[in-house]
Amino acid sequence: MPASAANNRPEDLTARLGVGAGAAQGEALLKALREVKNQIIGNKTKKLLYLHLGAVPKIVSVLAAAAASSSSDSGGISRGGDAAVIVQAAAAIGSFACGVEDGVRAVLDAGAVPHLTSILSHDDEKVVDAGARSLKMIFQSELAPKYDVLQEKNLNFILSLLDSDNENVTELAASIIAHSCETNEQQKALCDAGVLLRFVSLLGGSSNQKDGCLESIAAVIKNNPEVSSRFSCTGNGKALNALANLIQDRYPHTRLLACKCLIAVGHASPCYVEELQIKTKLVLVLVELLEEPGRVGNEAPFSLKTLIADDEELHKQALSVNAIEKLCSILQMSSVQARRLQGILLALAELCSKLEKCRCQLMSPQVLNLIVDALKHDCMDVRVAACDCIRNITRSLKNLSAGCLSSEAFIVRLVQLSHDPSTSVQSVLIKCGGVSQLVQLSKSMDSALRSRSVLALRNLMFLADITDKEFILKELTLCTLASLIYDSECSIQEQALALTSDLVDGCSQSVKHVLAEDSIILDAVMRQLQNASSIGVCIQGMFVLSNIAAGSESDKDTVMNYLVPPHTDSCIPSFTIKFLQSKDILLRVASLWCFVNLTDPASVGSSRRVARLQDAGIVLQLKSMLNDPCLDCKLRVRMILEQCMELETAQA
Amino acid sequence: MPVRVVESSTPSQDSGLESRTGRPPPPSCSLLSAGRAFSGTQNVSSLQKDEAWKVNVRIQGIDLDNGYLCGTMEALNVPLADTPVVTFWEGELVDGNNFTFFTRKWEATPEDDIRHWSKFPSFAPLLRWKEQYFVNVGIDCGLTIAGFYYVCFSCSDGSINGFYYDPNSSPFQKLELKCIPGGCSGYTFSSYQLL
């Protein structure tokens, strides 16, 4: 083997790096640095190898020494030599930090940042470029240090970079800002310092500079109405116009970043991006970008989802430019990268959240199977996104009724999700079958999980036949149902009461369950009605009583005894009077139906109950509601009073 | 909570006569709710004879904000079928906001609309029901769901009166349904919620 090739082995090259005895000097050091840099560029394996050999601290020490020497008063060849060494060392350090987290860590641990920063003020433009490029690589990583711009020293440093004529340096400033700007105060400080104005003026630069500025603009205005408004007013709309032009830039990455900026403005200060026209344009651009390879195509669906979130009009716009077809065609490609898959599913989920047309477009077995398959993806974010998507697809009553979503494969996969180790997957989608799993989840410490699982059980109970109702109740047990009615969260109490109401709906056989075990359930219902923790709880509680009161004579009497206990002091008004006086229409309606059922003329004990209602002041309250502003309430009041009169006449 | 669904029947919303006035949503009517069942008859006329098919209807979903509702319709003793025939229908609530009196589709002219609506004794709530597909039989079952129903709902007792309209069928085939209370002596209510 030739001697020179043997000397270029990583171990040999690494040995020649560094300062002091043993390390190479002058030209030999420069050669070694250049060789290492050339070997590692674009080669992750070599980077990791050199990391393992400890090359990074050595190169950083070379950089430090050369930078210190270069800044001294010595001139001529020595400085020129130093400059060359600095350039190669900086380039190598930047390359280690590019795309390799271990490399970033090693570079930071070796203390490279201060030395790289110090060479930004070097006389030699090539040195400045090398330093700036290297730092940019570092600041692309989340591990890079954050500059708190609320500290004057840091702000001044960034402003000095931003004022530079060197594009690499201004791009570095933009990277640091995009990476570091987190709080509203920091955003305001940067805005006050004129940073946004400077960025707008730099938007005419090179593609890299444009992209850097756009990322930073988005970071500075994000979720900050004041800063966003100030930006939008800049130069009488010049800033916004510049962004609007850039969404048609020739480079896809620039188009995407410009879209993100406009979306950020739209969210922080909606009045500036209100016109449907610009939003429609954004939808069109983002839908086109969905098909771009690489990072642009990965990020475009996320931006699309953010843009159209909760906006039905924009959903329609997206539909009209074939967003669904494009998203589905990408979904059907082989080996879609996890990030992109997550974005596609989230965008589809958003589109299906409101429009039935969108849901129907996803009903083809091919597409549905792919979405269901994503439920078992390795990446948790993908599984959660798939859950979101399926949840919104199942809002289609049309397709649910047609049985399109009841195939065994579909349901089984959904049930398996309840075993998913990720709680966010469990909480997003609990809908179908798997009663015992739902019951288990209804006992979770996580209130969101309890809420969703009780909701699912309630939905299962809706219009179920007696066999299914009894099966669900047997799995759930009266004790668990009672504890859910007493849950610490009002929303869960409400769901549990709605479940109970659905249990006894249309099914007098089920009433025995609410009276079983010393009326544990009915007692719980009554206790919560008296506590009246929320309107929703009261409404559902009254529907429970109403449904029971639609049953047999003894069921009606049971309800009556709870509403107007036989030996109560008549001076204490029944809580139902309060409900009848409520401002909430549905609470009045639910209460009225209960009395409709209690005074049913066909029931033998109704006269007796009417007399007790009279004594309790409830009939008087009802008479005062003859002109209730709600038509539905008026009709029920009339129904009750007519029934009372009919009973009176029959008795006479 | 009812599901939100958008139907894009826009022509009736753009007319000068029925332009959107931004009226408040229609009054709620507790008997027009998901889960509610109705039972009655539809008079089905042909050249040979008049028949009355027993019909059961159940509302599956309702979204008052968008004037949308949907449900199933079950026709019993249908001569051509061995079993009751179930269809899924979608409804429009004539609220003056989402949908107006004028149908502007399904081959119904404004004159047809006026002729049908004027047969109802009261104004509200008025609906159109359109069957979308057969749930339990194939499309080759010999039955048609090409037409739609003009429907008048009575809030006081939940009764439904309607007329089936299909230019290729006998006119004014009457639909008469009574609300099924649900309990053995009284009205029951049930609900579900979609996320």
Side-chain angles (χ1 to χ4, degrees), chain A residues 312 315-316 353-357 359 391-392 394-398 400-403 428-429 431 452 455 458-459 461-463 495 498 501-502 504-508 540 543 546-553 555-556 585-586 589-590 592-593 596-598 600 602-603 630-632 635-636 638-639, chain B residues 1-8 10 26-37 58-63 65-66 68-73 86-91 124-125 131-136 154-158 180-195:
Chain A
E312 203 170 285
H315 288 193
K316 288 182 193 169
S353 63
K354 295 184 189 306
L355 297 182
E356 180 65 12
K357 272 186 191 162
R359 295 177 200 131
R391 180 200 59 209
N392 291 352
T394 56
R395 288 180 178 176
S396 170
L397 277 184
K398 189 169 172 176
L400 283 173
S401 296
V428 168
L429 182 61
K431 185 194 159 293
R452 296 289 192 264
L455 171 60
R458 165 204 181 172
N459 287 353
M461 198 65 92
F462 174 74
L463 298 184
Q495 292 295 347
S501 174
D502 283 358
V504 295
D505 160 53
C507 197
S508 54
Q540 293 302 336
F543 275 126
S546 186
N547 286 353
I548 298 172
S552 67
E553 198 57 46
D555 294 338
K556 290 181 196 294
I585 293 175
L586 197 48
V589 165
L592 285 166
W593 277 113
V596 167
N597 292 341
L598 287 172
D600 176 26
S603 298
C630 167
L631 174 65
D632 203 23
L635 290 169
R636 301 315 141 215
R638 282 188 199 161
M639 220 166 145
Chain B
M1 292 281 283
V3 64
R4 280 181 67 88
V5 172
V6 172
E7 285 296 288
S8 56
T10 48
S28 59
C29 179
S30 46
L31 291 176
L32 189 63
S33 54
R36 180 63 50 204
R58 191 181 291 278
I59 298 176
Q60 299 283 1
I62 186 160
D63 175 3
D65 285 344
N66 287 306
Y68 172 87
L69 62 162
C70 64
T72 51
M73 190 180 256
V86 181
T87 56
F88 174 82
W89 55 266
E90 290 182 306
E131 290 163 291
Q132 298 294 339
Y133 53 77
F134 293 99
V135 173
N136 66 335
S154 165
C155 277
S156 61
D157 64 359
I180 298 176
C184 59
S185 80
Y187 291 80
T188 59
F189 294 84
S190 55
S191 63
Y192 65 88
Q193 182 178 340
L194 296 182
L195 286 175

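Proteins come first, then strands; the chains are lettered A, B, ... in the order of their sequence lines, and each starts at number 1. Keep in mind that this is a model prediction, so the values were computed, not measured.
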- [ ] Using a 4.5 Å cut-off on heavy atoms from C-beta on, say whether the side chain of B/L31 contacts that of A/W593.
- [x] yes
Task: B/F88 portion near chain A, given a 4.5 angstrom heavy-atom threshold - done: side chain
Task: Note, B/S191 side chain near A/R458 side chain (heavy atom, < 4.5 Å) - done: yes
TODO: Determine whether B/Y187 and A/R636 make a side-chain contact, defined as any pair of heavy atoms from C-beta on separated by less than 4.5 Å.
DONE: no
- [ ] With a 4.5 angstrom heavy-atom cut-off, could you sort out which part of A/A549 is near chain B: side chain, backbone, both or neither?
- [x] backbone
TODO: Look at the side chain of A/D632 and the backbone N and O of B/S30, then say whether any donor-acceptor pair between them is shorter than 3.5 Å.
DONE: yes
Open item on the list: Can you see whether B/T188 engages A/D505 through a side-chain donor-acceptor pair at a distance of less than 3.5 angstrom?
Closed with: yes
Task: Between A/A550, A/A498, A/A590, A/S501, the one whose heavy-atom pairs under 4.5 Å with chain B are most numerous - done: A/A550
Open item on the list: Tell me if a side-chain donor or acceptor on A/K556 pairs with a main-chain N or O of B/S185 at a distance below 3.5 Å.
Closed with: yes
Open item on the list: How close do A/N459 and B/Q193 get, counting heavy atoms only, and between which atoms?
Closed with: ND2-O, 2.7 Å
Task: A/E553 portion near chain B, given a 4.5 angstrom heavy-atom threshold - done: neither
TODO: Examine whether an atom of A/S546 lies under 4.5 Å from a heavy atom of chain B, and if so say whether it belongs to the side chain, the backbone or both; otherwise answer neither.
DONE: both
Open item on the list: Could you report the tightest heavy-atom contact between A/G551 and B/C184, atom names first, then the distance?
Closed with: C-SG, 3.4 Å
- [ ] Let me know which of A/D502, A/V589, A/N547 forms a side-chain contact (heavy atoms from CB on, under 4.5 Å) with B/F189.
- [x] A/N547
Open item on the list: With rounding to the nearest 0.5 angstrom, report the CD to CG distance, A/E356 to B/N66.
Closed with: 12.0 Å
Task: Which atom of A/F462 lies closest to which atom of B/S190, heavy atoms considered - done: CE1-OG, 3.3 Å
